[in-house]
Amino acid sequence: MNMWNPEIETMSRDEMAALQLKKMQWSVKHAYDNVAMYREKMQKAGVKPEDIRSLDDIQYIPLASKQDLREQYPFKLVAVPMKDIVRIHASSGTTGQPITGCYTREDLDMWSECLARLVVAGGGSAEDIVQISFGYSLFTGAFGLHGGWEKVGAAIIPISSGNTERQINIMRDFGATALVATPSYALYMAEVAEKMGQMDKLKLRVGLFGAEASTEEMRAELERRWGIIATENYGLTEVSGPGVAGECMHKCGMHINEDHFYCEIVDPETGKPLPIGEQGEMVITTLSKIGQPAIRYRTRDITRLIAEPCECGRKRIRMEKIKGRSDDMLIIRGVNVFPSQIESVLVGMKGVGPNYEIVVTNKGYMDYIEVKVELNDARLLERYGELENLQNRVRHALKTALNIDCQVTLVSPNTLKRFEGKAKRVTDLRTNK
Ligand code: ADP
Ligand code: ZN
């Protein structure tokens, strides 16, 4: 199997740990010397950069929360003179005020190196014509993937997101073989391509998807509709953007670029590190970032690490698909529900389409959850018996998976909202939160 950087990707675990320790010591000192927030945090905890003598010693440094970083807006996390910064991005602001990300030239090189690895791992090569349908903007997704594909030598179509019929025409005319998008936009694009009757004129063979949570069921749906191999990648602005991790063609978790990112899993309640393999919140320390280092950043993303060897030969540790953001988790009548659990039930279920919406309300202390999902066939709306049957089936499947009762509303095909970037499928209208 092809690899972009076999030396790093197959480096033994011991050698990698030694490399990580050296880089961690550098990064912690760099942040301590140049970013007041990290220095103050460490001073308060009585930790000095010299105290980092093993990788585990990182746990003595306090965690940095999203709120901590927001307070440094816009440039108080920058660790070099502003003249050395060559790029400024910002997070999408999915959950509140955006966080800025500043890069030196070296940071941009490191970033595209990380992306080149996951492009090749996901089956991309110099032969590809890749359509990048992430928004080119402050958002890190498009520029991140762009850097990686460019390094690999593919021909890039920097089309950005939106104007979906035009996307499909360009994809056909330019003979795009690879697609970069959020899973939800890729799904919408597939619907449009089908409606335009163009699907069999397209040459897509691989899709690299990321920037939002999605399920195995959604992957299967995308692979089936487009006739591609779909891999997933992960990252966030706070530590650089996409490129923290990406899947190989075995699709069994995303290989982490461990020489640039040190990943820990902590208990989201207590912040204490958990043993490898346990589910918790991902905490990331950058090991190479110069312009804006991040030390023990709490991502709020829930996942687990996988240490078992991968068939592809890469020795880099993997992270499981993100289950959801800790702040996406709904607590319905005391039961924890991730929207991804609902997606798993709905996508691929016979009779209903893969688009859905979740609305949460309350009457006093009682929470109610409504799941809206589209019918595949509008004619069902006239066949009351069948409609009710289907509704009961969906409701039962949700109840089995979630352990709570949901109201199920079946709506006409193509009536729920479609997304060009990150999907927002949950509306929480509760007044008792
Ligand atoms: P925002 O947090 O405002 O959306 P970013 O644009 O930096 O900011 O997006 C980073 C976040 O996107 C991550 O913290 C994570 O929650 C989500 N994300 C990125 N890639 C994935 C993925 N493959 N699976 C699930 N979530 C992802
Ligand atoms: Zn692998």
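One-based numbering, in listed order, for ligands and for the atoms of each.
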Report task. Could you tell me which atoms of ligand 1, counted from 1 in the order shown, lie closer than 4.0 angstrom to a heavy atom of F139? Result -> 6 (O)
Query raised in the report: Does any N or O in the side chain of Q25 come within less than 3.5 Å of the main-chain N or O of I52, such that one atom is a donor and the other an acceptor?
Result: yes
Query raised in the report: Of the protein's non-hydrogen atoms, which lies at the shortest distance from atom 3 (O) of ligand 1, and what is that distance?
Result: G93 N, 2.6 Å
Report task. Output yes when K251 and E216 qualify as a salt bridge under the 4.0 Å nitrogen-oxygen rule, no when they do not. Result -> no
Query raised in the report: Considering only heavy atoms, which of A213, G235, G144 lies nearest to atom 10 (C) of ligand 1?
Result: G235
Query raised in the report: Are K315 and E258 ion-paired here, with the side-chain N under 4.0 Å from a carboxylate O?
Result: no
Requested in this report: May I ask you to identify the nearest protein heavy atom to atom 1 (P) of ligand 1, giving residue, atom name and distance to one decimal place in Å?
Outcome: T94 OG1, 3.4 Å
Report task. Give a yes or no on whether R105 atom CZ has more than 12 heavy-atom contacts from other residues, nucleotides or ligands under 6.0 Å away. Result -> no
Query - Identity and distance of the protein heavy atom lying nearest atom 27 (C) of ligand 1 - result: E212 N, 3.6 Å
Query raised in the report: Going by an N to O cut-off under 4.0 Å, is there a salt bridge joining R117 and E113?
Result: yes
Report task. Can you spot which of Y136, Y103, F139 makes a ring-ring contact (aromatic ring centres under 6.0 Å, His included) with H89? Result -> Y103
Query raised in the report: Looking only at heavy atoms, which two atoms of R304 and E278 are closest? And how far apart?
Result: CB-O, 3.5 Å
Report summary line: among protein heavy atoms, the one nearest atom 20 (N) of ligand 1 is A211 N, 3.1 Å
Report task. Check each atom of ligand 1 against the heavy atoms of K66 and keep those under 4.0 Å away; list them by number with element. Result -> 2 (O)
Query - Pairing of R205 and D128 as salt bridge, 4.0 angstrom limit - result: yes
Query - Distance from atom 9 (O) of ligand 1 to nearest protein heavy atom, with residue and atom - result: K422 NZ, 2.8 Å
Query raised in the report: To which protein heavy atom is atom 2 (O) of ligand 1 closest, and what is the distance rounded to 0.1 Å?
Result: R325 NH1, 3.0 Å
**Report entry** Salt bridge present between R430 and D428 (N-O < 4.0 angstrom)
**Finding:** yes
Query raised in the report: Salt bridge check: are R225 and E194 linked by an N-O gap of less than 4.0 Å?
Result: yes
Query raised in the report: To the nearest 10°, what's the angle at the Zn ion (ligand 2) between atoms SG (C310) and NE2 (H255)?
Result: 110°
Query raised in the report: Can you list the ligand 1 atoms lying under 4.0 Å from a non-hydrogen atom of S92?
Result: 1 (P), 3 (O), 4 (O), 5 (P), 6 (O), 8 (O)
Report task. Quick one: look at I99 and ligand 1, take heavy-atom pairs under 4.0 Å, and tell me if it's side chain, backbone, both or neither. Result -> neither
Report task. Please indicate whether any nitrogen or oxygen in F209 is less than 3.5 Å from any nitrogen or oxygen in ligand 1. Result -> no
Requested in this report: Enumerate the atoms of ligand 1 whose separation from the nearest heavy atom of N233 is less than 4.0 angstrom.
Outcome: 20 (N), 22 (C), 23 (N)
Query raised in the report: Considering only protein heavy atoms, which is closest to atom 7 (O) of ligand 1, and at what distance to one decimal place?
Result: T237 OG1, 2.5 Å
Query raised in the report: For E370, does the CD atom sit with more than 12 other heavy atoms under 6.0 Å from it, leaving out its own atoms?
Result: yes
Query raised in the report: Short list, please: which atoms of ligand 1 are under 4.0 Å from a heavy atom of D301?
Result: 13 (C), 14 (O), 15 (C), 16 (O)
Query raised in the report: What atoms of ligand 1 come within less than 4.0 Å of a heavy atom belonging to E232?
Result: 22 (C), 23 (N), 24 (N)
